[in-house]
Each structure stands twice: as C-alpha cells, then as structure tokens.
K.L.:
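Submitted below is the structure of interest, expressed as structure tokens.
Side chains included, hydrogens not; waters and symmetry mates left out as well; all remaining heavy atoms used. Sequence lines set the chain letters: A, B, ... in the order given, protein chains first and strands last, and positions in each chain run from 1.
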Amino acid sequence: MFNKLYDISEKLRPHFEEGGKLHAFWSLYDGFATFLFTPNTTAKRIGVQVHDANDSKRTMIMVVLALVPAMLFGMYNVGYQHFLATGGDAGFWATFAFGLLAVLPYIIVSYLVGLGIEFTVAQWKHEEIAEGFLVTGFIIPLIVPINTPLWMVAVATAFAVIFAKEVFGGTGYNIFNVALITRAFLFFAYPTHMTGDKAFVRTEGTWGWDNGQALVDGFSGATPLGQVAVATDPSVQLVNTLGEPIGFWDAFCGLIPGSVGETSVIAILLGACLLLMTGVASWKTMTAVFAGGALTALLFNIGGVDTAAANMPWYMHLVTGGFCFGAVFMATDPVTSARTECGKWIYGLLIGCMAIVIRVLNPGYPEGMMLAILLGNCFAPLIDWCVVQSNINMRAKRATIK
Amino acid sequence: MALSEKTREAFLGPLNKNNPVVVQILGICSALAVTVQLKPALVMGIAVTIIVALSNVVISALRNTIPNRIRIIVQLVVVAALVTLVSGILKAFAYDVSVALSVYIGLIITNCILMGRLEAYAMSNGPLDSLLDGLGNGFGYMWVLVVVAFVRELLGSGTLMGFRIIPESWYVANGGFYENCGMMVMPAMALILVGCVIWAHRSLNKEEVK
C-alpha cells in the first residue's frame with residue numbers, strides 16, 4: 001500500500017516543481033510528501049555532521065502520539081461533564097462521541113488557521129514547510145476551555161503563529177511556546193470566556209445534539225483551582241460539577257472540569273512515558289518542574305498565608321489545573337526551554353516555583369502554569385548563557401598555562 | 001516662492017523617510033499611552049505638532065543669542081511655556097480629552113522628539129526651515145499615532161472617535177457572537193502595532209533597511 005502511495009506521490013511531483021502548473025503549491029506538496037516519506041536527499045559531505053534517523057518531522061509525530069491519550073480522555077471528559085451537568089445518561093460511546101464532536105471543530109480550526117499561515121509564509125519565502133505546527137495545532141484544542149467561540153481560537157492562533165513564530169524566523173527560532181501564546185492571547189483578550197464557572201463545562205450541545213438542555217440543580221462548572229481562588233474559608237472542600245466532594249484520586253483520574261487535555265494525570269503520564277522513552281523530552285526539565293512545584297507548595301503549606309490556595313496540599317497542587325500538562329508537554333518544548341543540562345534544572349525549578357507562587361499569591365489568576373512557563377521561556381536564554389559562562393570560567397581557572 | 005530642496009526635505013522627510021516614530025524610534029512612550037482611543041491620539045498629535053513647531057521657531061530665532069552652556073535650559077523653558085499654554089487651552093475648551101490625556105500633555109516637555117528637533121535642527125537652521133521641520137515631525141508623529149489608535153479603538157472598543165462602528169447587537173452580551181479584543185486596550189498591543197507599522201514601512205522602503 002505504501003509503495004502505491006509513494007508512486008502516486010512521485011507521479012505528482014513534476015506538476016509541483018519549478019515550471020509545473022501547480023508550482024504555487026510546491027511547499028504544500030513538499031510538506032505532505034516529506035511528512036509521509038523520509039526524503040531521499042542527505043546533507044553534502046562537508047565538515048563534521050551528526051546525523052540521527054529521528055528527523056524533526058518524526059520527533060513532532062512522537063509528541064503528537066504522546067498527546068493522543070490526553071486528547072482521547074479529554075474528549076470523553078467533555079462529554080462526561082456535559083451529561084453530568086444536564087443530568088443525561090448517554091452511555092460510554094455516546095459520551096465519547098459527544099466530546100469528539102465538541103472538540104473536533106477546535107482541532108480543525110487550529111490546524112486550518114495555523115497551517116494556512118505556515119504554508120503561505122513558506123511559499124512566500126521559498127522555504128520548506130516547517131513541521132512545528134503539527135504539535136502546536138494539536139496542543140491548542142487541548143488547552144482552551146471547551147466553550148471558547150471558534151473565531152476567537154482562530155484569531156488567537158493567527159496572532160500566535162505570526163507574532164510569536166514567523167516574525168522570529170519560523171519553527172525553531174521562536175522564543176515563546178506558540179501554543180501558550182495562543183492561550184495567553186485568549187486569556188488577556190477575552191477574559192470573560194477564559195475564566196469563571198461557565199468556561200470549562202460544555203453546557204450547550206454540539207452540532208445540534210443535546211441543545212438547550214436545562215442544567216441540573218446545584219450545577220457549578222468551577223474547576224478545582226477556580227473554587228480555591230474564590231474560597232473565603234481557608235480549608236475548602238473541592239467539589240465536582242454536581243457539588244459532590246472530590247479528592248486526590250478524582251483529580252488524578254481526571255473526570256473534573258478543566259481545559260480539554262489537562263484534567264487527567266493518568267493520560268498525561270502515559271504521554272510522558274512515551275516522550276521520555278523516545279528521548280524527545282528532557283527528564284531533567286520535567287522532574288525539575290515537579291520538584292519546584294512540590295517544594296514551593298510544601299513551603300506554603302508549612303508557613304504561608306492562611307488562605308485556601310496556600311493550604312491546598314502540595315500533591316493536590318500538582319494534579320489540579322494545567323500543572324502536569326504544562327510540565328510534561330509545554331515546559332519540555334526543546335525550542336523554548338533551556339538547552340544546557342544544568343540550565344534545565346534551573347529552568348524547571350523556576351517554572352514549578354513560579355506556577356505555585358502565582359496560584360497562591362495572585363488572586364486574579366487561579367492558574368499560574370501558563371504565565372510561569374512563558375516567564376521560563378523568557379529566562380531560558382539567560383540561564384543558558386550563565387551556565388555556559390560559569391563553565392568557561394571554571395575551566396579557565398583549571399587551566400595551568402596562562 | 002519656490003522652496004529649496006533642503007526646505008522641502010525639512011517638511012516631507014519626517015513624514016516618511018525620516019519619520020520620528022517609525023524610523024528614529026522616538027516618542028514611543030507617549031505613542032503607547034495615548035492611543036487607546038482615536039480622539040486623545042489626535043489631540044495629542046496636534047498638541048505635539050503645535051509645540052514642536054512653535055518652539056522650533058522660537059529657538060531658531062534665538063539661536064545666535066543663546067549661550068551654548070545653558071542652551072538646554074533655555075530650550076526647556078520655551079517648551080515648558082508652550083506646554084503650559086496648550087495644557088491650559090485644552091483644559092478650557094476640551095476638558096474631557098484633557099482628562100483622558102492626564103499627565104501626557106505635561107510630559108510633552110520630556111518628549112524625545114522635541115528635544116531632538118531643537119538640538120539637531122532649530123539650533124542650526126533659520127526660523128522658516130525650523131517651522132517646516134517642526135510641522136513635518138509633528139505630522140509624522142501624528143499619523144503613526146492615528147494609525148495605531150484607529151486599530152486599537154476599532155478592535156478594542158468597537159468605536160471610532162467615540163462613534164459606535166461595530167453594532168451593539170453583535171456582542172455576546174446582546175445575544176450576538178462578537179467580543180472586543182481586550183489585548184488591544186493594553187499597552188503591550190500598542191507596542192506590537194507600532195512594530196507592525198515599522199514592519200510595513202520598512203518593507204515599503206527597502207533602502208531604509210540597514
């Protein structure tokens with residue numbers, strides 16, 4: 001079957017090459033062809049080159065694969081929360097199908113807008129299509145609340161791809177994580193749709209299915225962190241959509257309100273295993289983020305202010321909100337994170353620490369992971385520079401010849 | 001009276017090739033602060049134009065009598081006097097705009113464009129040239145402000161000069177689908193928009209790219 005596909009692809013090639021009728025779409029063709037097949041060309045024999053069978057397209061696909069569990073679980077959870085809120089009982093497959101239909105438009109919009117801009121820029125600059133958006137486009141639906149209007153996602157994606165990526169030179173040159181810039185843009189531009197009790201549970205139907213259902217009594221769509229942020233009582237009992245108390249295991253399994261991909265720690269850990277086994281993500285960054293978050297939360301537990309956020313046990317901080325998702329998929333982004341080995345520890349600790357500090361000390365932002373990672377992105381080059389400088393100084397001192 | 005090449009350049013240069021904001025990157029702070037709405041931006045542009053033109057003329061007329069060592073103080077006195085005048089006029093005749101601009105009218109004294117023009121141009125050129133140079137720089141500053149404020153007010157508030165452009169019925173609160181972009185109201189977005197103007201300007205004037 002693949003041979004046939006390859007033949008078709010090769011047969012189409014002349015149409016897209018210089019002089020062909022469809023040359024305007026060369027970048028599109030090239031993008032898809034190399035997406036399916038490893039290109040035949042290799043670098044010329046000049047100088048020393050390190051070559052890995054795992055090129056950047058294969059790396060990106062690994063990340064997308066690692067995101068699949070979170071995506072599938074997120075879809076189920078969207079349906080689950082919806083039927084919980086409307087009091088319906090649809091069974092497993094219908095619940096999943098509802099979530100699939102609700103999430104699908106976001107995936108389509110994010111890929112259409114993002115890839116559209118990527119293809120246009122690639123064609124315009126006569127460059128190959130960079131594959132970076134494969135992952136970004138998959139992450140965006142996972143980190144936006146499920147009630148965000150689609151045109152807002154489109155605007156935010158366009159903004160992020162143009163201003164966080166293309167103006168810096170495209171894939172591999174961006175300072176900030178593009179998916180997070182999308183979310184940050186939404187967060188600052190349309191705050192009413194990004195926070196609050198209504199944002200994270202799909203109360204409306206999707207594609208005309210289950211429209212206009214009345215909500216059950218006692219419904220509250222507040223996420224655990226949202227509840228903590230508005231709590232006046234320093235020891236708050238977290239509840240689910242129906243007002244039933246939830247604990248560590250509920251947050252760990254993930255059947256709670258939240259952005260699509262962030263709720264289930266189990267699904268995220270599955271992805272983390274894949275990323276670590278294939279060596280795509282750095283275990284140092286990941287561990288450091290968790291360590292930084294746990295230590296900071298522990299410090300607040302022991303001797304912080306007496307508020308609900310500060311009193312929330314450290315292990316609850318790690319499993320609620322976007323902490324896990326951020327630590328596994330966003331902080332480890334090889335482009336925007338620190339690259340020196342020692343720098344990865346500092347970078348991760350900074351993110352984990354800042355995420356908890358923002359959660360606890362800033363009443364305006366219930367969740368701090370997004371801002372913490374963007375701050376970490378901002379400091380990553382400085383951290384790397386300092387690590388390299390200190391290495392140079394250390395070695396210079398060791399040198400015996402003056 | 002035919003204007004010489006130098007005189008024409010004094011007026012037209014700052015409008016495009018030598019624009020104070022997009023080429024010399026001066027006066028950015030006030031460009032970020034007053035461009036949330038179109039009206040204050042326009043008034044600010046007019047105020048800066050008047051002040052820079054008049055102070056240019058005054059300093060240019062006095063340039064041979066100002067002792068070199070105290071020239072900055074003399075320039076400041078002239079600018080401060082004009083700023084006080086403009087501020088007073090605004091308070092008397094356009095109070096709401098004056099409130100919207102708050103300290104930024106007063107801060108024209110420290111505007112880099114003003115001191116730059118006085119030092120670089122008025123101190124060594126005649127009053128007519130200086131007048132045109134001041135007007136050119138004022139208008140050059142104004143058009144950038146107006147472009148940025150146009151986008152910010154339209155997308156950030158849905159109005160232009162206070163008139164509603166995007167119909168009320170489009171908004172989510174009234175059963176529609178539209179929301180104003182809150183980013184546009186933040187100074188960060190003004191910086192990005194100024195960046196876009198510079199981007200467009202550079203790609204239209206390829207020879208300016210260094």
K.L.:
Answer yes or no: is there a donor N or O on one side and an acceptor on the other, between the side chain of A:R202 and the main chain of A:V78, under 3.5 Å?
P.N.:
no

K.L.:
Can any side-chain N or O of A:R183 pair as donor or acceptor with the backbone N or O of A:I143 at less than 3.5 Å?
P.N.:
yes

K.L.:
Give, as side chain, backbone, both or neither, the part of B:M184 having an atom under 4.5 angstrom from any heavy atom of chain A.
P.N.:
neither

K.L.:
Please confirm whether the backbone N or O of A:D333 pairs with a side-chain atom of A:S337, one donor and one acceptor, at under 3.5 Å?
P.N.:
yes

K.L.:
Name, in order of residue number, those residues of residues 79-89 of chain B that have a heavy atom at a distance of less than 4.5 Å from a heavy atom in chain A; otherwise write 'none'.
P.N.:
none

K.L.:
With distance as the sole test, does B:N19 use its side chain to make a donor-acceptor pair with the main-chain N or O of B:G140 at under 3.5 Å?
P.N.:
yes

K.L.:
In sequence, state the C-alpha distance, the side-chain angles, and the governing distance for B:L118 and B:S55, and then conclude on side chain to side chain contact (heavy atoms under 4.5 Å, CB included).
P.N.:
CA-CA 8 Å; B:L118 294 177; B:S55 59; 3.9 Å; yes

K.L.:
Using a 3.5 Å distance criterion without hydrogens, assess whether the side chain of A:Y106 forms a donor-acceptor pair with backbone atoms of A:V153.
P.N.:
no

K.L.:
Is A:F163 in contact with chain B via its backbone, its side chain, both, or neither, using a 4.5 Å heavy-atom distance?
P.N.:
side chain

K.L.:
Please flag which part of A:V167 lies under 4.5 Å from any non-hydrogen atom of chain B: side chain, backbone, both or neither.
P.N.:
side chain

K.L.:
Determine which pairs satisfy side chain to side chain donor-acceptor pair (under 3.5 Å) with at least one residue from residues 30-45 of chain B, sequence neighbours left out, and list them in order.
P.N.:
B:S30-B:Y141, B:T35-B:R152, B:Q37-B:S157

K.L.:
Is A:E262 reaching over with its side chain to a backbone N or O of A:G326, donor-acceptor style, under 3.5 angstrom?
P.N.:
no

K.L.:
If I measure from the heavy atoms of chain B, does A:F187 come under 4.5 Å with its side chain, its backbone, both, or neither?
P.N.:
neither

